[in-house]
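Labels below follow one simple rule: chain letters A, B, ... track the order of the sequence lines, proteins then strands, and each chain is numbered from 1.
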Amino acid sequence: MDRYPYKEIEAKWQRIWQERQIFAAAPDSRRPKYYVLEMFPYPSGRIHMGHVRNYTLGDVVSRFKRAQGYNILHPMGWDAFGLPAENAAMAKGVHPAAWTYANIDEMRAQIQSMGLSLDWSREIATCDPAYYRHEQAMFLDFLAAGLVDRKESWVNWDPVDQTVLANEQVIDGRGWRSGAPVERRKLAQWFLKITAFSEELLDALAGLDRWPDTVRAMQERWIGRSAGARVRFRISGRDDDLEVFTTRPDTLFGASFMAIAPDHPLSAARAADDPKLAEFIAACAATGTSEEALERAEKIGYDTGLRCAHPLIEGASLPVYVANFVLMEYGTGAIFGCPGHDQRDLEFARKYGRPVIPVVLPPDADVATFAIGDEAYLGDGRMINSGFLDGLDVAAAKQRVIARLEELGVGRGETTYRLRDWGVSRQRYWGCPIPVIHCARCGIVPVPREQLPVTLPDDIEIGRPGNPLERHPTWKHVACPRCGGAARRETDTFDTFVESSWYFMRFCSPHAEEAFDRAAVEHWMPVDQYIGGVEHAVLHLLYSRFFARALKKCGYVSFDEPFMGLFTQGMVCHKTFRDRAGNWRQPDEVEEDANGVWRLTLDGSEVTVGRSEKMSKSRRNTIDPSATIEAYGADTARLFMLSDSPPERDLEWTEAGIDGAWRYLNRLWRLFETHGGRLAPHGASYPNELSPDALEVRRAIHRTVASVSDELERFHFNKAVALIRELSNRIEALDADDPAAPLLLREGLETLALLLGPMVPHLAEELWQLLGHDGLLAEAAWPVADPAWLVEDRVTVAVQVNGRLRATIELPRGSDRAALEASALAEPNVARTIGDKSVRRVIVVPDKIVNVVV
RNA sequence: GCCCAGGUGGCGGAAUUGGUAGACGCACUAGCUUCAGGUGCUAGCGGCCGUACGGCCGUGGAGGUUCGAGUCCUCUCCUGGGCACCA
């Protein structure tokens with residue numbers, strides 16, 4: 001049997017779509033707009049299967065919505081700044097720009113081979129000065145609007161990548177890209193004040209009802225709002241106070257010690273006179289970096305000798321410890337410990353012999369006997385041992401104590417957030433220059449607008465890590481725009497998350513002189529459906545939400561939320577293989593023999609098969625998408641990506657799965673070739689009388705249209721594929737002698753072509769042409785099911801006896817209870833099961849089930 | 001430790017509100033087509049018993065609610081992911 005000629009077909013339709021420019025977007029007041037976007041790729045060299053899955057999902061949405069009559073914007077571009085370009089430059093002596101643009105050309109061709117309905121006229125690359133000049137202008141606007149900070153602060157220093165990482169980019173104490181253990185350094189850094197929007201970013205999550213709950217939960221936790229109080233404790237024998245933040249001010253009467261962070265200013269001050277404390281602080285820093293150490297580190301403290309007065313209990317005094325579990329970055333870097341109602345405080349108190357005073361009595365406990373054992377009590381109850389708070393519940397006690405603290409002038413209610421400001425300074429070359437000038441006399445001076453963009457110098461020395469801009473002999477030396485004196489350009493460049501925080505807005509008017517054509521950005525934004533990996537659940541998505549708000553504040557746009565719908569896809573995984581020497585082996589280096597043993601193709605030696613993991617270079621378990629597309633065609637690759645696994649779950653790439661998709665497309669091709677000559681003409685109408693089989697096939701066609709539409713809407717693409725396959729099985733099995741066969745084939749095959757359009761667009765387009773259509777399937781309207789054909793006139797009803805299935809009966813839809821019951825009881829198997837027992841009750845759910853209870 | 005998903009045949013996965021568990025596909029088995037080697041067609045395919053009709057068991061485990069539970073409740077085990085001495 002001939003294979004279907006996918007190469008000719010795919011080349012042909014890609015050419016025609018391109019020539020006719022049918023995916024070029026333009027605002028159209030007659031149709032509702034729909035903006036579909038996949039997270040744009042970093043041009044690392046070649047596309048991988050994750051890209052193929054991502055763009056296939058996006059293209060299904062895009063083509064489906066287009067067929068439904070929406071005016072689609074579906075662009076593609078390049079997240080082109082980034083460290084790999086510098087690494088490649090160092091490794092191969094290529095200029096980062098040359099490397100990046102070569103990769104873009106390569107990957108563009110690969111992506112185009114997938115036959116995506118993209119508007120390539122809107123392509124952008126973020127490393128283009130025509131793009132990043134606007135980013136520099138935005139930064140100056142943010143600066144003027146008070147949304148930028150320059151702080152001398154501790155930063156995470158990645159010793160391998162030679163760059164600063166945001167806190168959010170540090171994973172288990174290691175750089176998120178390099179994996180190297182992160183060190184701490186103090187540097188002057190640029191920060192974007194995302195914390196100015198903490199509350200708003202948190203509250204608005206509730207309105208993002210087309211986002212996955214998991215992502216919203218992750219952001220919520222990341223922002224981490226906690227309501228509590230700030231309380232000042234007078235340090236005995238001194239004039240100053242120790243300020244703490246607590247979420248449990250209600251437990252203040254249960255306080256039995258104070259604890260401060262090792263890097264709290266007070267710790268440092270005391271350490272100056274106390275060598276043992278200095279030693280303790282150093283030890284905390286040493287154990288505090290690696291994750292295992294953190295995991296196993298026990299709660300340790302060091303008594304500073306300082307004592308604080310309890311603000312509400314006359315004469316009570318609390319010892320102040322330096323403790324390794326108190327974080328300087330959160331709250332005030334100091335806490336009071338209430339062992340009765342905080343597990344960590346309890347363990348600390350037990351260890352250092354501090355008293356445990358219960359102040360919340362559980363509802364079922366007796367005040368005379370209640371005591372804290374090994375577990376702190378975290379629940380609600382009545383306050384005890386707490387003076388004026390006694391008898392209140394926890395919530396009321398919080399309010400009352402805060403009011404009292406305010407009265408006394410020693411504290412106030414406060415809400416804090418876990419979210420920290422976004423450090424955007426990077427000490428590297430291949431990024432957007434930060435447009436400021438440092439002048440010894442004038443300080444920080446913004447680059448004048450007319451001098452934008454500040455472009456990167458081409459002539460750089462890239463042979464060693466670190467920032468070539470810092471080493472550049474001339475670029476960094478400029479005259480101060482204010483006083484004209486000798487000054488120095490900022491040599492830091494932006495974190496690449498800055499570029500990806502607004503590219504989707506630039507797509508609306510990619511060639512505009514200003515950052516955005518206001519009408520275009522207001523027309524297309526927000527993105528209706530954004531699709532990408534869940535690994536961006538916090539960083540990229542949160543920064544983008546912040547950026548929209550910051551731009552709004554600066555008058556660029558009028559919306560807050562950039563992405564109305566979000567879909568996060570699962571990863572593409574593959575088995576892993578290791579040879580005898582323990583080296584990872586690529587899938588194309590091994591074969592499975594007849595006994596199911598995997599061997600190296602080269603010499604037949606056995607390899608061990610590991611569990612399926614995310615495709616990655618380090619495991620060498622990658623499959624090159626281009627090889628698959630070459631061997632089977634883009635449609636096969638696309639269909640496989642959509643079959644079987646729900647898109648939000650991980651997908652295991654298997655050769656068998658690709659084969660299955662390939663065989664199905666061949667089968668479709670044969671189906672159309674076999675019946676192409678026997679179709680009824682367009683628009684031929686059915687006779688009044690149809691055979692029962694023909695009626696059933698027509699119903700199946702309309703039912704499939706209705707359910708596939710529904711499943712596509714809900715991202716259940718695997719189910720949509722299953723439904724389409726069911727329909728094609730049915731059409732294949734059609735009785736050729738049925739007088740209505742030509743009509744059913746006409747309607748059935750047209751329906752199949754239309755439903756397959758979003759998934760396998762090339763083949764569907766070819767089939768559409770085979771069916772005699774002049775126009776493009778890509779521009780054809782989505783089929784609509786006729787409600788009349790969705791109604792079944794007969795139904796199969798399950799008959800149970802005591803809840804166990806004993807028979808099924810077929811009856812006209814809508815049969816009454818008596819008829820259902822009579823038919824059910826008449827079933828021989830039902831009668832036999834009932835035997836001589838008496839029927840106690842019969843439950844009838846019309847058109848569904850009859851349950852006889854005996 | 002905390003949070004969020006999950007746990008259904010040999011495998012990927014179906015199963016709107018509780019109402020016929022296993023759709024669709026993969027793998028496998030048997031047969032057919034002179035079919036040589038990423039082919040097609042037919043049939044079978046959760047387990048056990050039975051020639052069959054049919055019966056019993058079965059959605060990680062244990063209880064519970066219900067005429068009826070993969071679905072709801074309680075407890076528990078396991079897997080994956082995220083976060084982390086966050087006061």
Checklist line | Spacing of the C1' atoms in G54(B) and U59(B) (rounded, Å) | finding: 24 Å
Next item on the list: Please collect all salt bridge (charged side-chain N to carboxylate O under 4.0 Å, His left out) contacts where either partner lies in residues 245-256 of chain A, sequence neighbours excluded, each pair once.
Entry: Arg248(A)-Asp250(A)
Next item on the list: Provide the distance between the two P atoms, one in G64(B) and one in G13(B), to the nearest whole Å.
Entry: 33 Å
Next item on the list: Determine, for Glu220(A) against Arg225(A), whether the closest basic-nitrogen to carboxylate-oxygen distance falls under 4.0 angstrom.
Entry: no
Checklist line | Ion pair check, Glu827(A) and Arg806(A), cut-off under 4.0 Å | finding: no
Notebook entry, point to check: Taking only residues two or more places apart in sequence or in another chain, which ones pass side chain to side chain contact (heavy atoms under 4.5 Å, CB included) with Thr247(A)?
Noted result: Ser226(A), Phe245(A)
Note to self: Taking any heavy-atom pair under 4.0 Å as a contact, classify Arg248(A): base, sugar-phosphate, or nothing.
What the structure shows: sugar-phosphate
Check: NA contact type, Thr416(A), heavy-atom cut-off 4.0 Å: base, sugar-phosphate, or nothing?
Finding: nothing
Notebook entry, point to check: Which distance, rounded to the nearest 0.5 Å, do you find between the CZ of Phe233(A) and the CG of Leu252(A)?
Noted result: 5.0 Å
Item checked: Between G25(B) (C1') and Arg667(A) (CZ): distance, integer Å -> 11 Å
Next item on the list: Rounded to whole angstrom, note down the P distance from C75(B) over to G80(B).
Entry: 24 Å
Note to self: Under 3.5 Å for both donor-acceptor distances, Watson-Crick or wobble: does C2(B) have a partner, and if so which one?
What the structure shows: G82(B)
Next item on the list: State which residues pass side chain to side chain contact (heavy atoms under 4.5 Å, CB included) with Glu726(A); sequence neighbours excluded, sorted by chain then number.
Entry: Leu723(A)
Check: Which residue lies toward the 5' end of RNA chain B, Glu726(A) or Ile843(A), if each is placed at its nearest nucleotide?
Finding: Glu726(A)
Check: Does A14(B) have OP1 or OP2 sitting under 4.0 Å from an N or O in the side chain of Asn718(A)?
Finding: yes
Next item on the list: Could you please name the option among A23(B), A15(B), G25(B) that lies closest to any side-chain atom of Arg725(A)?
Entry: G25(B)
Notebook entry, point to check: With both distances under 3.5 angstrom, what nucleotide forms a Watson-Crick or G-U wobble pair with A15(B)?
Noted result: none
Checklist line | Minimum-distance nucleotide (side-chain atoms of Arg420(A) versus A87(B), C86(B), A23(B)) | finding: C86(B)
Next item on the list: For G46(B), decide between syn and anti, treating a glycosidic angle within 90° of 0 as syn.
Entry: anti
Note to self: For U20(B), give the paired nucleotide (Watson-Crick: N1-N3 plus N6-O4 or O6-N4; G-U: N1-O2 and O6-N3; both under 3.5 Å), or none.
What the structure shows: none
Protein and nucleotides 2-8 of chain B: nitrogen or oxygen contacts under 3.5 angstrom:
none

Margin query: Please report the distance, rounded to the nearest Å, between CD in Glu648(A) and P in G80(B).
Written below: 19 Å
Check: Can a side chain N or O of Arg230(A) be found less than 4.0 Å away from OP1 or OP2 on A87(B)?
Finding: no
Next item on the list: Provide, to the nearest angstrom, the distance between the CG atom belonging to Asp650(A) and the C1' atom belonging to G13(B).
Entry: 14 Å
Checklist line | Any donor-acceptor pair under 3.5 Å from Asp421(A) side chain to Thr195(A) backbone | finding: yes
Next item on the list: State which residues pass side chain to side chain contact (heavy atoms under 4.5 Å, CB included) with Arg418(A); sequence neighbours excluded, sorted by chain then number.
Entry: Trp222(A), Tyr330(A)
Check: With sugar-phosphate meaning primed atoms plus P, OP1 and OP2, does Val797(A) contact a base, only sugar-phosphate, or nothing at under 4.0 Å between heavy atoms?
Finding: nothing
Note to self: With a 3.5 Å distance limit and no angle check, can you tell me whether Ser815(A) reaches the backbone of Leu811(A) through a side-chain donor-acceptor pair?
What the structure shows: no
Next item on the list: Check RNA chain B against residues 634-645 of chain A and give the residues with a non-hydrogen atom under 4.0 Å, in numerical order.
Entry: Asp644(A), Ser645(A)
Next item on the list: Calculate the interatomic distance between Glu655(A) atom CD and G25(B) atom C1'; express it in whole Å.
Entry: 16 Å
Next item on the list: Using only heavy-atom distances, determine whether the side chains of Asn666(A) and Arg663(A) contain a donor-acceptor pair under 3.5 Å.
Entry: no
Would you tabulate the pairs of protein nitrogen or oxygen atoms and nucleotide nitrogen or oxygen atoms of nucleotides 51-55 of chain B closer than 3.5 angstrom?
residue	atom	partner	partner atom	Å
G55(B)	OP1	Arg806(A)	NH1	2.8
G55(B)	OP1	Asn829(A)	ND2	3.3

Margin query: My understanding is that only residues two or more places apart in sequence, or in another chain, count here; which of them pass ring pair (Phe, Tyr, Trp, His ring centres under 6.0 Å) with Tyr352(A)?
Written below: Tyr321(A), Phe348(A)
Next item on the list: Determine the interatomic distance between P on C53(B) and the same-named atom on C45(B); round to the nearest Å.
Entry: 11 Å
Checklist line | Protein-nucleotide distance (Tyr417(A), atom OH; A87(B), atom P), rounded to Å | finding: 14 Å
Notebook entry, point to check: Does G25(B) have OP1 or OP2 sitting under 4.0 Å from an N or O in the side chain of Asn729(A)?
Noted result: yes
Next item on the list: Enumerate the residues from residues 845-854 of chain A whose closest heavy atom to RNA chain B is under 4.0 Å, giving them by residue number; use none for an empty result.
Entry: Val845(A), Lys848(A), Ile849(A), Asn851(A), Val853(A)
Margin query: Rounding to an integer number of Å, can you tell me how far Asp659(A) CG sits from G37(B) C1'?
Written below: 14 Å
Checklist line | Inter-nucleotide C1' distance (U20(B), A14(B)), Å rounded | finding: 15 Å
Check: Which comes earlier along RNA chain B counting from the 5' end, the contact point of Ala656(A) or that of Thr247(A), where each point is its nearest nucleotide?
Finding: Ala656(A)
Next item on the list: Check side chain to side chain contact (heavy atoms under 4.5 Å, CB included) between Tyr6(A) and all other residues, then give those that pass, not counting sequence neighbours.
Entry: Tyr4(A), Glu10(A), Trp662(A)
Notebook entry, point to check: Looking at Arg418(A), does any N or O in its side chain come under 4.0 Å of the phosphate oxygens OP1/OP2 on C83(B)?
Noted result: no
Item checked: Any strand: nucleotide that pairs with C56(B) via Watson-Crick or wobble, under 3.5 Å -> G47(B)
Could you give the side-chain donor-acceptor pairs of residues 838-847 of chain A under 3.5 Å, partners two or more places apart or in another chain?
residue	atom	partner	partner atom	Å
Asp847(A)	OD1	Gly814(A)	N	2.9
Asp847(A)	OD2	Gly814(A)	N	3.4

Margin query: Can you see whether Ser267(A) engages Tyr302(A) through a side-chain donor-acceptor pair at a distance of less than 3.5 angstrom?
Written below: no
Next item on the list: Could you tell me which residues satisfy side-chain hydrogen bond (donor to acceptor under 3.5 Å, both in side chains) with Asp213(A), sequence neighbours excluded, listed by chain and number?
Entry: Arg216(A)
Notebook entry, point to check: How far does the P atom of C35(B) sit from the matching atom of C49(B), given to the nearest Å?
Noted result: 41 Å
Checklist line | Pairwise P distance for G19(B) and C32(B), with rounding to whole Å | finding: 45 Å
Checklist line | Whole-Å C1' distance, G12(B) and C67(B) | finding: 36 Å
Notebook entry, point to check: Which distance, rounded to the nearest 0.5 Å, do you find between the CG of Leu756(A) and the OG1 of Thr751(A)?
Noted result: 10.5 Å
Margin query: Does the structure show a Watson-Crick or G-U wobble partner for C72(B), both distances under 3.5 Å? Name it, or say none.
Written below: G64(B)
Next item on the list: Provide, to the nearest angstrom, the distance between the CG atom belonging to Asn802(A) and the C1' atom belonging to U66(B).
Entry: 13 Å
Notebook entry, point to check: Nearest-Å distance, CD (Glu711(A)) to P (C24(B))?
Noted result: 15 Å
Note to self: Checking side-chain contact (heavy atoms from CB on, under 4.5 Å) between Lys837(A) and each of Asn802(A), Val854(A), Val801(A), which is the one that passes?
What the structure shows: Val854(A)
